[in-house]
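So that the names make sense, note that chain A is the first sequence line, chain B the second, and so on, each numbered from 1. In what follows, every heavy atom counts, from backbone to side chain, and hydrogens, waters and symmetry copies are set aside.
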Number of protein chains: 2
Amino acid sequence: MAGIKDVAARARVSVATVSRVLNGHPAVRPGTRERVRAAIDELGYRPNGVARSLRTDHTSTLGLVVSDVLNPFFTALARAVEDEARAHGYSVVFGNADEQSALQDHHVRTLLERRIDGLLVSPTADSASLVTEVAGSGVPMVFVDRWIAGCPRVPVVRTDGRAAIAALVDHLHRLGHRRLAVITGPATTTTGNERAEAFLGALAAHGLPAPAHYREEGDFQAGSGRRATARFLDLPEPPEAIFATDNLMALGAMDEIRARGLRVPDDVALAAFDDIPWFLHTDPPVTAIAQPTEALGHGAVRALVDLIEGRPATSLTLTADLVPRRSCGE
Amino acid sequence: MAGIKDVAARARVSVATVSRVLNGHPAVRPGTRERVRAAIDELGYRPNGVARSLRTDHTSTLGLVVSDVLNPFFTALARAVEDEARAHGYSVVFGNADEQSALQDHHVRTLLERRIDGLLVSPTADSASLVTEVAGSGVPMVFVDRWIAGCPRVPVVRTDGRAAIAALVDHLHRLGHRRLAVITGPATTTTGNERAEAFLGALAAHGLPAPAHYREEGDFQAGSGRRATARFLDLPEPPEAIFATDNLMALGAMDEIRARGLRVPDDVALAAFDDIPWFLHTDPPVTAIAQPTEALGHGAVRALVDLIEGRPATSLTLTADLVPRRSCGE
DNA sequence: CAGGGTCGTGGAAACGATTACACGCGGATT
DNA sequence: AATCCGCGTGTAATCGTTTCCACGACCCTG
């Protein structure tokens, strides 16, 4: 492939001049600029970003490590991140950790070797990971959705679902449900903890019981939601309502409920954290807690870009909304 | 950040030796290797992939440009691609074209500048795009799912849905539906055309009518499915069944049907191309044509890696299966 | 008309790795 | 004993850019 030297030769200028027109440097005579442009077109020259990055020490690339691409929440987030990043002149390299901390480390490592300018992470569990180490190392980084406690210098862009969860428990209580169960995320994720605690707190506020067997830990994937639901339904006194702390576990819960020939909400009510388009069309439509996913992605990128460009970056906490549908009853 | 020189100094060897242990070159005395390893750890050294890529002229990176990340089919594909790529030692940079050819070009351009080793594209419409130009330029490239006619040297990894579509028309016919409508993809996409033609062909084989007003062109996004369905339902004699050629347009169709207070399948039957987990839980479950998405992603990466490593690459055509559910009737 | 700016351009030194080549040393071969 | 070979290591060129500095031409000012 043609290099800058070839362009220079063809345009009868030096490589320095070619570089200048490439980068929009003003001190180039219009005529010269035209000659260079022409040479570039004729040769089909494309600047070598690798060489440029080596020289300038930045790659115009952001890394985004999410825990599960198949989760519609994260794909929506990824899309929002990419849009905002592009608006700032960055591209995005994605890594899918599949909820495994080893895979997460793998991606962080390769992203770092690629010398991305900044890192967006929605950390999975295990805080003994590379992420903690990197957090201290000066690489611009921001947590999105989830975070790791004890990384004080890393901004967090997330949504606080506590009010919405309280509203959900209100809603369930008003519909007459008293035995409420929850499928939490891994105890090692912040979101998992926060959502579970908010739920338990809301139960207490209503004077509702919160026995240990009405709480199962899942891993944010459909299979675990299904298994947790099976254990609930096997109880001598199964819950009247189940709250899944993410959409995939809610999907698994529906699987199990349906497999047993039970009906939502008549036999058991269901609600989920994270709203997604499909919830409108399930049988019945699922009441969910909607995060402002786009704002989350945009805010995270803005914080990261601030950090990269040397401005102070701010954490950002958004709020979620309850979207009642039929899956909890009338 | 520490460089190879710092490591060399600390281990009291030359940079060449450090490079050798980095790359597993055998001709290093075990003792030396150990000293270097220790120095690397102590400094927290991470090789600079940018410099390495410049020197070696490869980046161990593949580019994947899909038309819509929010489409579950493509996110499943992306995941399969990433898995297989990782198994071969490559990482993947994704670009989301959002069905816009300008955005697609943008991504192709930046990927090329980043000097990715190979490109996987599911091209959107517009064949006058950069993609066609690149196809001829010697950059390893393979088309996945969709392709562009007239790029003879670019392998295509895709699924042939014709048999499954014929089976679907059989299925609909057997259930008593006679007035069948189709929402196609953009005429400029190969998949859009193939699916529409297969459907029309199957109608003809059954002696069913195929009036022009039973065919609407969508853009593979939910909104267009909804609008097309609205036009169908406004017809004096609306169709008895609607076939959406992708899952998002099917979602839009359900939106519209439900908004009018009609029921699936009693008032109108619905089927979709591309099966996704949510279709099991919609009301009613929708019959779909399932592509072997994983095999598609894996096959595409293998073909691309073959190309990159100088082996002959082969096109691959898989087949799809009809998964009957309740949305077409009993 | 001398001195000082500005403007457009070119020469060459980085950036951080990989790798061809050279070298010194010890053991085996003759 | 002379030669050769292979092993472990170092020196330095190289990849394709950006960018600092220098330089000549020109214009302005005093």
Closest to side chain of [X], choosing from [options]:
{"X": "A/Leu54", "options": "C/dT18, C/dG16, D/dT18", "answer": "C/dG16"}
{"X": "B/Thr17", "options": "C/dG10, C/dT18, D/dT9", "answer": "D/dT9"}
{"X": "A/Val15", "options": "C/dT9, D/dT18, D/dG16", "answer": "D/dT18"}
{"X": "B/Ala27", "options": "D/dG16, C/dT9, D/dG8", "answer": "D/dG8"}

Which whole-number value in Å describes the distance from [X] [atom1] to [N] [atom2]?
{"X": "B/Glu113", "N": "D/dT17", "atom1": "CD", "atom2": "P", "result": "10 Å"}
{"X": "B/Arg115", "N": "D/dC15", "atom1": "CZ", "atom2": "P", "result": "14 Å"}
{"X": "B/Arg29", "N": "D/dC7", "atom1": "CZ", "atom2": "C1'", "result": "8 Å"}
{"X": "A/Arg12", "N": "C/dG8", "atom1": "CZ", "atom2": "C1'", "result": "18 Å"}
{"X": "A/Arg55", "N": "C/dA13", "atom1": "CZ", "atom2": "P", "result": "12 Å"}
{"X": "B/His25", "N": "C/dT18", "atom1": "NE2", "atom2": "P", "result": "12 Å"}
{"X": "B/Arg46", "N": "C/dA17", "atom1": "CZ", "atom2": "P", "result": "13 Å"}
{"X": "A/Asn48", "N": "C/dC15", "atom1": "CG", "atom2": "P", "result": "18 Å"}

task: With the side chain counted from C-beta on, respond yes when B/Ile4 and B/Leu22 share a heavy-atom pair under 4.5 Å apart, and no when they do not.
output: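 SC-SC contact between B/Ile4 and B/Leu22 confirmed.
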Under 4.0 angstrom, heavy atoms only, what part of the nucleic acid is [X] near: base, sugar-phosphate, or nothing?
{"X": "B/Val50", "answer": "nothing"}
{"X": "B/Ser53", "answer": "nothing"}
{"X": "B/Ser19", "answer": "base"}
{"X": "A/Asp57", "answer": "nothing"}
{"X": "B/Val18", "answer": "nothing"}

| Distance only, no hydrogens: is a donor on one side chain within 3.5 Å (strictly under) of an acceptor on the other, for A/Arg114 and B/Thr61? |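 Judged by distance alone, the side chains do pair up.
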- Message: Under a plain distance cut-off of 3.5 Å, with no hydrogens placed, do B/His107 and A/Glu82 share a side-chain donor-acceptor pair?
- Response: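 Present: a donor and an acceptor within the cut-off.
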Does the distance from a Lys or Arg side-chain N to an Asp or Glu carboxylate O, for B/Asp6 and B/Arg10, drop under 4.0 Å?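 Salt bridge absent between B/Asp6 and B/Arg10.
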Query raised in the report: Looking at B/Arg146 and B/Glu99, does any basic side-chain N land under 4.0 Å from a carboxylate oxygen?
Result: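 Yes, B/Arg146 and B/Glu99 are salt-bridged.
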Check your understanding: So does B/Arg33 reach the base of D/dG8 with its side chain, donor to acceptor, closer than 3.5 Å?
Key ->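 By the distance-only test, no, there is no pair.
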| Looking at A/Thr32, does any N or O in its side chain come under 4.0 Å of the phosphate oxygens OP1/OP2 on C/dT9? |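 True: A/Thr32 side-chain N/O within range (under 4.0 Å) of C/dT9 OP1/OP2.
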| query | B/Ala16 or B/Ala51: which one's nearest nucleotide on DNA chain D is closer to the 5' end? | reply |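 Mapping each residue to its closest nucleotide by heavy atoms, the 5'-most match is B/Ala16.
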